[in-house]
Visitor: 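Right, I'll just put the structure down here and ask away after.
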Amino acid sequence: MKLFSTPPLSQLSQAKTVKPGASGTPGPAQTATDLPSPPSEPRLVQIAHLAKGGRWRVEAMRAHSEPCLLWFSRGQGRITLGGVTRGYGPNNAIFIPPGVMHGFEISNQTHGQALFFGRDSDVALPPAAHHLRIREAIAQGEIGSILEAIQRESESTRPAADRALRSHLGLLSVWLERQIASNANEAIRPSAARRLVTRYAVLVEREYRAGTPVADIARELGVTPTHLSRACRDACGKSALELMQERRLYEARRLLRDTPVPIKDIAQLLGYRSPGYFSRAFQAGTGSTPNAFRRAS
C-alpha cells in the first residue's frame with residue numbers, strides 16, 4: 001500500500017550560492033557546487049552500511065542530489081519523508097527523488113539495500129516520493145532478483161556489463177511504476193496539516209544554508225510560526241525549528257567529517273552569524289564541539 005507521496009521537487013536540483021541571512025546572494029569562498037558530490041554511477045549499498053561513521057548519517061534529516069530507492073527486507077522502524085513520519089517494515093520499498101528531505105531509524109535488525117541511481121541518471125523514475133508496502137510474494141521476489149542482478153553487473157568485468165546494468169535499472173523502473181499503479185487506489189490522502197509540512201520540508205531544503213528564520217518561511221507558507229510548528233509536531237514529532245536545525249547540523253557534520261573545509265567557512269556556508277555561534281549551536285545539538293567531532297572522525 002502506498003502510504004504517501006510528496007510533490008515533484010525538480011526545483012531543488014539547481015545549486016545555489018548562499019550567504020548568512022541572504023538567500024541567493026554571493027557567499028563565502030565555497031558554494032554548493034564546490035562541495036563534494038556523490039559518485040555519478042549507480043551503486044547498491046547495504047542499508048546497515050549507510051550508518052558507517054555514525055547513525056546520524058541515516059537518522060538525521062538530509063537529502064540526496066540523486067534518486068534513491070530503499071528496500072527494507074527485514075526490521076522495522078520509522079521513516080520521515082518530506083516532513084511526515086510513518087512506520088516501515090519488511091518488504092517496504094521507498095523511492096526518494098533528489099532533494100527530498102528524509103531520515104529513518106535503523107537497528108541491528110534492519111536489513112535491506114539502498115540503490116543510488118547516480119546524479120546523471122536518465123532512467124525513467126517517478127517525480128515524487130513513494131512509500132510502498134509490497135505484499136505479493138511474486139513482486140517481492142522480482143525486486144530481490146533485480147537488485148541481485150544490479151549488484152552482479154555493477155561488479156562485473158565482463159563485456160557489455162554497463163549495458164546489462166542499464167537494462168536491469170530499466171527493469172527496476174518498470175517494477176516501481178507497476179507497483180505504484182497497482183496500489184494507487186489504496187493511497188491515503190494526507191491531511192491539510194501534513195500537506196503544509198511537506199511544503200515546509202521543501203522550503204527547508206531550499207533555505208537551510210541561507211540562515212532564513214522559520215518565521216519568514218511560515219510567512220511564505222501563509223501561516224503563523226505557531227501553526228507551522230504544531231503541524232510539524234503532529235506530522236513527525238519535531239517542531240519546525242527542530243527540523244531546520246537538524247538539517248543544518250547534518251550538513252555541518254557531513255562537511256566536518258568528509259571535507260577539509262575550515263570550520264569558519266562551514267559556519268558561514270550554513271548561515272550562522274559567526275563561528276562562535278556555530279560552535280555553540282553544534283555542541284548543543286550534537287554534544288560535541290566542531291573541532292572535537294572532526295578530530296574523532
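Everything quoted here is computed from the prediction, not taken from an experiment. All heavy atoms count here, side chains included; hydrogens, waters and symmetry mates do not.
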Visitor: More than 12 non-hydrogen atoms from neighbouring residues, nucleotides or ligands closer than 6.0 Å to CD on Glu136, yes or no?
Guide: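 Open.
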Visitor: Is there a path of hydrophobic side-chain contacts, each under 4.5 Å between heavy atoms of I, L, V, M, F, W or Y residues, that connects Val174 with Leu147?
Guide: no
Visitor: Any side-chain heavy atom of Val197 sitting closer than 4.5 Å to one from Asp234?
Guide: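 Of all side-chain heavy-atom pairs linking Asp234 with Val197, none is under 4.5 Å.
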Visitor: For Gly83 and Ala235, which heavy atoms make the closest approach, and how far apart are they?
Guide: O-CB, 3.6 Å
Visitor: Do the non-hydrogen side-chain atoms of Val100 and Ile96 ever get within less than 4.5 Å of each other?
Guide: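 Val100 reaches Ile96 side chain to side chain.
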Visitor: Looking at every heavy atom in both Ala267 and Phe278, which two are closest together, and how far apart are they?
Guide: CB-CB, 3.5 Å
Visitor: Test Thr289 against Ser279 for side chain to side chain contact (heavy atoms under 4.5 Å, CB included), laying out the working first.
Guide: CA-CA 6 Å; Thr289 66; Ser279 293; 5.8 Å; no
Visitor: Is any side-chain heavy atom of Arg74 closer than 4.5 Å to a side-chain heavy atom of Thr110?
Guide: no
Visitor: Walk me through it: do Glu41 and Asp120 pass the test side chain to side chain contact (heavy atoms under 4.5 Å, CB included)?
Guide: CA-CA 8 Å; Glu41 68 274 6; Asp120 305 319; over 6 Å; no
Visitor: First locate atom OG1 of Thr286, then atom CZ of Arg253, and finally report the distance between them rounded to the nearest 0.5 Å.
Guide: 6.5 Å
Visitor: Would you say the side-chain atoms of Asn183 pair up with the backbone N or O of Gln179, donor to acceptor, closer than 3.5 Å?
Guide: yes
Visitor: Are Leu243 and Cys236 close enough that some pair of their side-chain heavy atoms sits under 4.5 Å apart?
Guide: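 Yes - at least one pair of side-chain heavy atoms lies under 4.5 Å apart.
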Visitor: Assess the side chains of Gln151 and Glu155: does a donor N or O sit below 3.5 Å from an acceptor N or O?
Guide: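 Yes.
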Visitor: For the residue pair Phe104 and Phe72, is the inter-centroid distance of their aromatic rings smaller than 6.0 Å?
Guide: yes
Visitor: Does Gln46 offer a backbone N or O that forms a donor-acceptor pair with the side chain of Gln113 under 3.5 Å?
Guide: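 No; judged by distance alone, with no hydrogens or angles, the pair does not exist.
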Visitor: Do the side chains of Met101 and Val204 get nearer than 4.5 Å, heavy atoms only?
Guide: yes
Visitor: Hey, would you say the Phe116 and His64 ring centroids sit under 6.0 Å apart?
Guide: yes
Visitor: For the atom pair CG (Leu69) and CD1 (Ile143), what is the distance rounded to the nearest 0.5 Å?
Guide: 5.0 Å
Visitor: I need the minimum non-hydrogen distance between Ala128 and Phe95, along with the two atoms involved.
Guide: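 Shortest heavy-atom separation between Ala128 and Phe95 comes out as O-CD2, 3.5 Å.
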Visitor: Spell out, as yes or no, whether a donor-acceptor pair under 3.5 Å connects the side chain of Glu246 to the backbone of Met61.
Guide: yes
Visitor: For residues 159-171, please give each side-chain donor-acceptor pair under 3.5 Å, one per line with the distance, not counting sequence neighbours.
Guide:
{"from": "Arg166", "atom 1": "NH1", "to": "Asp122", "atom 2": "OD1", "distance (Å)": "2.5"}
{"from": "Ser167", "atom 1": "OG", "to": "Arg163", "atom 2": "O", "distance (Å)": "3.0"}

Visitor: What I'd like to find out is whether the side chain of Phe282 reaches to under 4.5 Å of the side chain of Leu256, using heavy atoms alone.
Guide: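 Yes, their side chains come closer than 4.5 Å.
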Visitor: Under the 3.5 angstrom rule, does the side chain of Arg62 hit a backbone N or O of Val58 as a donor-acceptor pair?
Guide: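 Yes, the answer is positive, given that a donor and an acceptor are paired below the 3.5 Å cut-off.
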Visitor: Any donor and acceptor pair, going by atom type alone, linking the side chain of Ser154 with main-chain N or O of Ile150 inside 3.5 Å?
Guide: yes
Visitor: Distance check, rounded to the nearest 0.5 Å: Glu207 atom CD versus Ile217 atom CD1?
Guide: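 The CD atom of Glu207 sits 5.5 Å away from the CD1 atom of Ile217.
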Visitor: Can the positive tip of Arg247 be found less than 6.0 Å from the middle of the six-membered ring of Tyr208, inside 45° of the ring normal?
Guide: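 Yes, Arg247 sits over the ring of Tyr208.
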Visitor: Hey, is Arg43 close enough to Glu66 for a salt bridge, meaning N to O under 4.0 Å?
Guide: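 Answer for the salt bridge query: yes.
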Visitor: Whether the side chain of Arg248 engages the backbone of Gly271 through a donor-acceptor N/O pair (distance < 3.5 Å, no angle test) should be reported.
Guide: yes
Visitor: Answer yes when Glu251 and Arg209 have at least one side-chain N-carboxylate O distance shorter than 4.0 Å, and no when they do not.
Guide: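 Salt bridge between Glu251 and Arg209, a charged N being under 4.0 Å from a carboxylate O: yes.
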Visitor: Whether Glu142 and Arg178 form a salt bridge (side-chain N of Lys/Arg under 4.0 Å from carboxylate O of Asp/Glu) is what I want to check.
Guide: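 Answer for the salt bridge query: no.
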Visitor: Measure the shortest side-chain to side-chain distance between Asn91 and Trp71 over non-hydrogen atoms and say whether it is less than 4.5 angstrom.
Guide: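 Yes. Closest side-chain heavy atoms under 4.5 Å.
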Visitor: Check Glu59 against Ile106 and note the closest heavy-atom contact, atom names and distance.
Guide: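 Heavy atoms only, the tightest pair is OE2-N, 3.6 Å.
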Visitor: Return yes if some donor-acceptor pair links the side-chain N/O of Tyr200 with the main-chain N/O of Ala240 below 3.5 Å, else return no.
Guide: yes
Visitor: CG/Leu44 to CD/Glu153 distance, rounded to the nearest 0.5 angstrom?
Guide: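 Spacing of CG (Leu44) from CD (Glu153) equals 13.0 Å.
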Visitor: Is there a side-chain contact between Ile79 and His131, using heavy atoms and a 4.5 Å cut-off?
Guide: yes
Visitor: Any sub-3.5 Å donor-acceptor pair from Gln140's side-chain atoms to Ala137's backbone N or O?
Guide: no
Visitor: Within the 3.5 Å criterion, strictly below it, is a donor on Thr80 or Thr85 matched to an acceptor on the partner's side chain?
Guide: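 Their side chains do contain a donor-acceptor pair, which is all the 3.5 Å distance test asks for.
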Visitor: Considering non-hydrogen atoms only, spot the tightest contact between Ala63 and Gly99 and give its length.
Guide: CB-C, 3.8 Å
Visitor: Between Asp258 and Arg57 (salt bridge meaning N to carboxylate O under 4.0 Å), is one present in this structure?
Guide: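 Salt bridge: yes.
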Visitor: To the nearest 0.5 Å, how far apart are NE2 in His130 and CD in Glu177?
Guide: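 One finds 10.0 Å between NE2 of His130 and CD of Glu177.
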Visitor: Say you draw a straight line from CZ of Phe117 to OG of Ser173; how long is it, rounded to the nearest 0.5 Å?
Guide: 7.5 Å
Visitor: Determine whether a donor-acceptor pair (N or O, by modelled atom type, separation under 3.5 Å) exists between the side chain of Tyr88 and the backbone of Ile94.
Guide: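 Here the side-chain-to-backbone pair does not exist.
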Visitor: Looking at Ser229 and Ser239, would you say the former's side chain and the latter's main chain have a donor-acceptor pair under 3.5 Å?
Guide: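 No.
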Visitor: Looking at every non-hydrogen atom in both residues, tell me the closest pair between Ala60 and Tyr250 and how far apart they are.
Guide: CB-CD1, 3.9 Å
Visitor: Please lay out, stage by stage, how Val45 and Leu115 fare under the test side chain to side chain contact (heavy atoms under 4.5 Å, CB included).
Guide: CA-CA 6 Å; Val45 183; Leu115 174 63; over 6 Å; no
